[in-house]
Amino acid sequence: MDNSHSYKMSTVHRHHETSRKESEDESRLPALEAAYTDILRHLGEDTDREGLLRTPLRAAKAIQFLTKGYHETIDDILNNAIFDEDHDEMVIVKDIDMFSLCEHHMVPFFGKVHIGYIPNKKVVGLSKLARIVEIFSRRLQVQERLTKQIATGISEALQPKGVAVVIEAAHMCMVMRGVQKMNSRTVTSAMLGVYLEDPKTREEFLYLSRRT
C-alpha cells in the first residue's frame, strides 16, 4: 500500500470516528441537559427565568467538550506523524498549556506540562505531544495519574530510550474551597527509561525544563 493511499484511508477513518463521536454526543445531550436542570433546581434556582433558559444545554455541551478525551486515543492523532530519524539527543517541549477537571470535585486544575524524550530512531511531530496532553487532560483526572498517563502514552507510541514529564498546576479545589490557598501549586513528575535510570540525564531535563 503506497503512502498516499494509506493517508487517504487514515483520513477517512478519522472522519468516520469524528462523525460517530458527534452523533453519540448529540444522543447524550438530552439526558445531560435534564441532569443540569435538576441540579439547578436543587440549588434553589428558577430554571424558567430568562438567564437560565439555555444554561442546562450550554452546560451539557461544555462538559462534553471538557471530557472529550474519553473518546480519543493516541493512535487517532499519531497516524502519519511518527518519522524515522537518526537522532538520539534529548527533545524537550516546555510550557504546554494543560486544563483538566479534578475527579473529586469536578472543578478545574490547570498549569503547564514539560515533556522530554530521547528518541530511539523515531521522532514525533512536536505538536502531537501537546495533543497527547490534551487527550488525557480532557478527562476527569488526578494530577498524579495524568502525569503518568502522558509519559506512558508517549513511551508506548515511540518506544524511546526514555520519557520525562513534569506538570505544575493550580487546583481550584484548593483555591476556591477547602484551605483556599491562592498561590499553591502542585508539581508531579514521571520518569521512564534512562530518565529514571541515569541521574545525569534526569538532572539535564529538569535543568532545561526550568530555564526560561
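- In this structure, Lys112 NZ and Arg185 CZ are separated by 11.0 Å, a value rounded to the nearest 0.5 Å.
- Scanning all heavy atoms of the two residues, the minimum distance from Val133 to Asp97 falls at CG1-O, 4.4 Å.
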**OP:** Apply the test side chain to side chain contact (heavy atoms under 4.5 Å, CB included) to residues Phe136 and Arg145: give CA-CA distance (whole Å), side-chain angles for both, the deciding distance (0.1 Å), then the verdict.
**Re:** CA-CA 9 Å; Phe136 292 113; Arg145 182 172 67 236; over 6 Å; no
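- Residues Ser100 and Gln141 bring no donor and acceptor atom of their side chains to less than 3.5 Å of each other.
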**OP:** Determine, step by step, whether Ile135 and Thr73 satisfy the side chain to side chain contact (heavy atoms under 4.5 Å, CB included) criterion, reporting the C-alpha distance in whole Å, the side-chain angles of both residues, the deciding distance to 0.1 Å, and the verdict.
**Re:** CA-CA 7 Å; Ile135 284 175; Thr73 69; 5.8 Å; no
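- Applying the 6.0 Å contact sphere to NZ of Lys148 captures no more than 12 heavy atoms from other residues, nucleotides or ligands.
- Nearest heavy-atom pair across Ser137 and Met98 is CB-CG, 3.9 Å.
- Between the side chains of Arg139 and Thr67, no donor-acceptor pair of N or O atoms lies under 3.5 Å.
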Subject >> Leu129 and Val124: CA distance, side-chain angles, deciding distance, side chain to side chain contact (heavy atoms under 4.5 Å, CB included) verdict >> reply: CA-CA 8 Å; Leu129 296 177; Val124 65; 3.8 Å; yes
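- Side-chain contact, Glu168 with His114: no donor N or O sits under 3.5 Å from an acceptor N or O.
- Taking hydrophobic clusters as Ile, Leu, Val, Met, Phe, Trp and Tyr residues chained together by side-chain heavy-atom distances below 4.5 Å, Leu40 does not share a cluster with Leu57.
- Two residues are said to be in side-chain contact when any heavy atoms from C-beta on lie closer than 4.5 Å; Leu146 and Ile167 meet this criterion.
- Atom CD1 of Ile115 is separated from atom CD1 of Ile150 by 6.0 Å, given to the nearest 0.5 angstrom.
- One distance of note links OH of Tyr195 with NZ of Lys161; it measures 11.0 Å at 0.5 Å rounding.
- Membership of the apolar cluster around Met106 extends to Leu32, Tyr36, Ile39, Leu43, Ile63, Phe65, Leu66, Tyr70, Leu101, Leu140, as traced through chained side-chain contacts below 4.5 Å between ILVMFWY residues.
- Considering only heavy atoms from C-beta on, Ile82 stays 4.5 Å or farther from Lys128 through its side chain.
- The pair Lys68-Glu134 meets the salt-bridge criterion, with a side-chain N (NZ, NE, NH1 or NH2) lying under 4.0 Å from an Asp/Glu carboxylate O.
- Distance CZ/Arg131 to CG/Leu78: 9.0 Å, rounded to 0.5 Å.
- Summarising the geometry of Leu29 relative to Lys61, their closest heavy-atom pair is CD2-CG, 3.8 Å, with the distance given to 0.1 Å.
- To the nearest 0.5 Å, atoms CD1 (Ile96) and OG (Ser127) are separated by 10.0 Å.
- Remark: Leu52 CG to Asp46 CG distance equals 7.5 Å, nearest 0.5 Å.
- Salt bridge present: Asp86 and Lys121 bring a charged side-chain N and a carboxylate O closer than 4.0 Å.
- For Val91, the side chain to side chain contact (heavy atoms under 4.5 Å, CB included) criterion is met by His87, Tyr117, Pro119, Leu126, not counting sequence neighbours.
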Subject >> Test side chain to side chain donor-acceptor pair (under 3.5 Å) applied to Thr188 and Gln143, step by step >> reply: CA-CA 7 Å; Thr188 51; Gln143 185 174 330; 3.0 Å; yes
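- The shortest heavy-atom contact between Val142 and Phe109 is C-CZ, 4.3 Å.
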**OP:** Would you please test Val113 and Val166 for side chain to side chain contact (heavy atoms under 4.5 Å, CB included) and show each step?
**Re:** CA-CA 6 Å; Val113 181; Val166 171; over 6 Å; no
